[in-house]
Amino acid sequence: MVGIGARRLAASGARRTGEFRHLPKVDLHVHLEGSLSFSLLRRFARDQGRAGLRTHDLAFHDFDGFLRAFARVCTYLCRPVDFELAVQYLGRRLRRDGVIHAEVFFSPQVHTRRGLEYAELVKALERGAREVKAAGGPSLLFIADGVRQWGVESFQVLLAEMERHPSPSVVGIGLGGVEDAIPSRAFAPAFAAARDGGLAAVVHAGETGPPAAVFEAVELLGACRVGHGVAAAQDSELLRWLKRRKVTLDVCLTSNGRTGAWPAGRPHPLAGLVDAGVPVTLGSDDPALFRTTLSREYARAAATGLDDPALRRIAGQAARASLLPPRARRRLQVTLEVAWRAWRPADG
Ligand SMILES: [Zn+2]
């Protein structure tokens with residue numbers, strides 16, 4: 001933990017989500033499918049002539065239950081236009097929350113398995129992102145998130161589709177799902193090919209898996225950012241290595257609590273990661289399923305004991321670690337720096 005007095009901790013913890021909503025922010029870890037609100041899913045169900053969705057249909061109490069809820073949500077995305085609507089909906093939600101740039105995971109294999117064409121899906125995402133931009137932002141980039149437990153062959157089929165249908169909006173490739181299903185080394189050649197093809201590797205690791213999973217995501221898969229990565233906090237040598245390599249961890253506090261990835265009773269290691277000098281950002285992950293927003297994640301981060309300069313650094317790191325082209329990234333950095341420098345916390 002960082003050396004912060006109890007009084008300071010209490011003051012930071014009391015900070016309200018609303019205070020962060022007015023600041024420009026960047027969310028580098030948000031899943032399209034996990035952002036679909038209950039009302040939007042009900043609308044899709046109505047359009048599809050399916051039985052009404054009940055709230056407990058999406059209830060979960062652990063990580064496996066979360067994966068089942070995520071898979072159920074995906075079944076409501078049936079036509080390309082559903083993806084376009086989903087992107088528009090996510091864009092509105094992010095805009096209301098003060099997010100000016102986001103990098104959005106989507107899980108193509110889940111949808112192509114159900115008969116959707118990858119090319120059509122990506123065109124729908126591009127249309128949605130253009131509409132969001134025209135409506136006032138945020139800017140959106142996409143990361144295709146592979147399903148680890150479906151194996152290397154299925155992942156290679158995804159890569160082949162991505163190569164056949166390149167998109168300026170789809171700039172990254174990831175790996176998510178069940179962390180201990182198949183070791184990272186099995187995916188290493190596929191990731192090397194993807195990186196050679198110009199895609200950035202952004203890999204989920206160290207969420208439910210051990211510290212070694214974080215090391216392997218970087219060393220074997222070439223991840224420039226790791227989704228979650230909180231297990232690294234258990235290994236001080238790994239923390240020093242991540243700092244040296246300038247690998248960013250996209251931490252999702254509410255997600256970790258809701259899935260049990262980091263048990264609610266234990267203090268979250270976010271402040272320890274920051275204190276160790278590892279670059280960190282905050283992400284909302286699956287905001288509809290976890291009932292959170294990025295502003296709420298900042299309020300939670302303050303409650304874990306981070307002081308104001310640390311929160312400013314996290315906001316700036318999200319711009320620095322984005323996958324935007326260099327000039328756009330620099331512009332984003334400047335916008336955030338100016339706004340967060342002028343920020344006077346309510347209790348500061
Ligand atoms: Zn995630």
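Excluded from the calculations below are hydrogen atoms, water molecules and symmetry mates; all remaining heavy atoms, backbone and side chain alike, are included. Counting starts at 1 for both ligands and their atoms, following the listed order.
For the Zn ion (ligand 1), the nearest N, O or S atom contributed by H29 is named NE2. Its N, O or S atom nearest to the Zn ion (ligand 1) is what matters here, and for D285 that atom is OD1.
Less than 6.0 angstrom separates the ring centroid of F155 from the ring centroid of F191. In summary, the aromatic rings of H29 and F105 are positioned with their centroids under 6.0 Å apart.
None of the N, O or S atoms belonging to C252 lies under 2.8 Å away from the Zn ion (ligand 1). Distances from the Zn ion (ligand 1) show that D145 has no N/O/S atom below 2.8 Å. Here H228 fails the criterion, with no N, O or S atom under 2.8 Å of the Zn ion (ligand 1).
Donor-acceptor pairing under 3.5 Å is recorded for the side chains of E126 and S167. Side-chain contact of T304 with H268: a donor-acceptor pair under 3.5 Å is absent, judged by distance alone. Checking H101 against E103 by side-chain atom types alone, a donor-acceptor pair falls below 3.5 Å.
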